[in-house]
Chemist: 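Quick one: the structure is below, questions incoming.
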Amino acid sequence: MNERRRNAVASLLFWTGRRTRLRTGRRAGSRAALPAGAARHPAPWRAAWRALVAAARQTVADGLVVGTSGNLSVRVGDAILVTPSGVPYDRLRPADLLAVDLHGRRLAGALEPTSELPLHLAVYRSTGARAVVHTHATHATAVSTLVDEVPLIHYMAAAMGGPIRVADYATYGSPELADAALAALADRSACLLRNHGTLVHGRDLRQAMDHTAQLEWMCRVWLAAAAIPGREPTLLTRDQLAEVAERLRDYGNPGRT
């Protein structure tokens, strides 16, 4: 075989092999759409993680957090899936799935969990919560510096159990903050954290997100009304709120998911 033919055969073998490797790589890549290790997680965890990441990104889009200032979690069985510390939500991937048990012991993931993990775990251990959302929402944080209880500016407070209390200030990530939050959450599904933000839990992630948005909206309405010089906003009475709470028991379409 002359040199020209040898070069032609070598070239053909090279490109044929390269195309084979590329096709194989694409097939392998499609099977590994979830990066290494992620596919081994239970399907309910993977679905819950996708929903958690989407909700976390929504808090940024809605202006409820700045950067990585908030944190979210969901409960799947005895596992708590939680957002990690210091990672922008738009960078979270399936492989970043992070799970701990109710005592904070790692079940999955390599990233460090949010510094507010003790707060989340305290809520799960003390309530029937299936999701927890913590934000640094602007208006709610402002209100937390002014009052001990969110004024009854709107009846949606009834959906969260009654007048929204403000938890005593404590350093973020501390057991003291968890204790203060639990006290403010007694018979409630939401509270404000003094000079800090909001804490809301729900029967699922959708409810926790919805009530977080409602709480921020109520705080914004009260601040706007209270800012009018010479006028005092009218507030609801506890009896009026109790009437709404009774109506809310049968509100909506329970069978619709």
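Scope of the values below: all heavy atoms of this structure, side chains included, with no hydrogens, waters or symmetry mates.
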Chemist: Atom CG in L52, atom OG in S73: separation rounded to 0.5 Å?
Modeler: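 These two atoms lie 7.0 Å from each other.
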Chemist: Which residue pairs pass the salt bridge (Lys or Arg N to Asp or Glu O under 4.0 Å) test when at least one of the two sits in residues 74-90, sequence neighbours left out?
Modeler: R75-D78
Chemist: Does R188 reach the main-chain N or O of G161 with its side chain, forming a donor-acceptor pair under 3.5 Å?
Modeler: yes
Chemist: If two hydrophobic side chains count as joined below 4.5 Å and joins carry through other members, does L235 share a cluster with M160?
Modeler: yes
Chemist: Without hydrogens or angle criteria, can the side chains of Y169 and S144 be said to hold a donor-acceptor pair below 3.5 Å?
Modeler: no
Chemist: S189: what forms a side chain to side chain donor-acceptor pair (under 3.5 Å) with it, not counting sequence neighbours?
Modeler: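 Applying side chain to side chain donor-acceptor pair (under 3.5 Å) to S189 gives none.
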Chemist: The criterion is ring pair (Phe, Tyr, Trp, His ring centres under 6.0 Å); which residues satisfy it with H134, sequence neighbours excluded?
Modeler: H136, H196
Chemist: For residues 227-242, which residue pairs qualify under salt bridge (Lys or Arg N to Asp or Glu O under 4.0 Å), counting only residues two or more places apart or in two chains?
Modeler: E149-R238
Chemist: Please collect all salt bridge (Lys or Arg N to Asp or Glu O under 4.0 Å) contacts where either partner lies in residues 110-128, sequence neighbours excluded, each pair once.
Modeler: R106-E112
Chemist: Measure the CG-CZ distance between L193 and R165 for me, rounded to the nearest 0.5 Å.
Modeler: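 Interatomic distance, L193 CG to R165 CZ, rounded to 0.5 Å: 13.5 Å.
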Chemist: Partners of D62 by side chain to side chain contact (heavy atoms under 4.5 Å, CB included), sequence neighbours excluded?
Modeler: Q58, L64
Chemist: Do L146 and L223 come within less than 4.5 Å of each other through their side chains, counting heavy atoms only?
Modeler: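 Result yes, sub-4.5 Å side-chain heavy-atom pair found.
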Chemist: Applying side chain to side chain donor-acceptor pair (under 3.5 Å), can you list everything that pairs with H139, at least two apart in sequence or on another chain?
Modeler: E216
Chemist: For residues 128-141, which residue pairs qualify under salt bridge (Lys or Arg N to Asp or Glu O under 4.0 Å), counting only residues two or more places apart or in two chains?
Modeler: none
Chemist: Go through the structure and list residues passing side chain to side chain contact (heavy atoms under 4.5 Å, CB included) with L111, not counting sequence neighbours.
Modeler: P84, V87, D96
Chemist: Go through it in stages, so that I can follow the logic: the residues are H154 and W222, the test is ring pair (Phe, Tyr, Trp, His ring centres under 6.0 Å), and I'd like the CA-CA distance, side-chain angles, deciding distance and then a yes or no.
Modeler: CA-CA 9 Å; H154 196 271; W222 180 71; over 10 Å; no
Chemist: For residues A56 and T83, report the shortest heavy-atom separation together with the two atoms involved.
Modeler: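 Here A56 and T83 meet closest at CB-CG2, 4.3 Å.
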Chemist: Can you list the residues that meet the side chain to side chain contact (heavy atoms under 4.5 Å, CB included) rule with A108, with sequence neighbours excluded?
Modeler: H41, W45, L97, A99
Chemist: Minimum heavy-atom separation for T198 and A137, please, with both atom names.
Modeler: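 Where T198 meets A137 most closely, the heavy atoms are CG2-CB, 4.4 Å.
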Chemist: Is the shortest heavy-atom distance from the side chain of H103 to the side chain of L121 under 4.5 Å?
Modeler: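 The answer is no, as the side chains (C-beta and beyond) never meet within the 4.5 Å cut-off.
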Chemist: Distance check, rounded to the nearest 0.5 Å: L92 atom CG versus T68 atom OG1?
Modeler: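 One gets 10.0 Å once the value is rounded to the nearest 0.5 Å.
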Chemist: Who pairs with A158 by side chain to side chain contact (heavy atoms under 4.5 Å, CB included), at least two apart in sequence or on another chain?
Modeler: L241, V244, A245, L248
Chemist: Does the side chain of V123 come within less than 4.5 Å of L185's, by heavy atoms?
Modeler: yes
Chemist: Let's go through V200 and L215 carefully: what are the C-alpha distance in whole Å and the side-chain angles of both, what is the deciding distance for side chain to side chain contact (heavy atoms under 4.5 Å, CB included) to 0.1 Å, and is it a yes or a no?
Modeler: CA-CA 9 Å; V200 178; L215 179 54; 4.2 Å; yes
Chemist: Considering residues at least two apart in sequence or located in another chain, which fulfil the side chain to side chain donor-acceptor pair (under 3.5 Å) criterion with Y89?
Modeler: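 With sequence neighbours excluded, Y89 shows a side chain to side chain donor-acceptor pair (under 3.5 Å) to no residue whatsoever.
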Chemist: Quick one: do the T59 and T135 side chains pair a donor with an acceptor below 3.5 Å?
Modeler: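 There is no such pair between these side chains.
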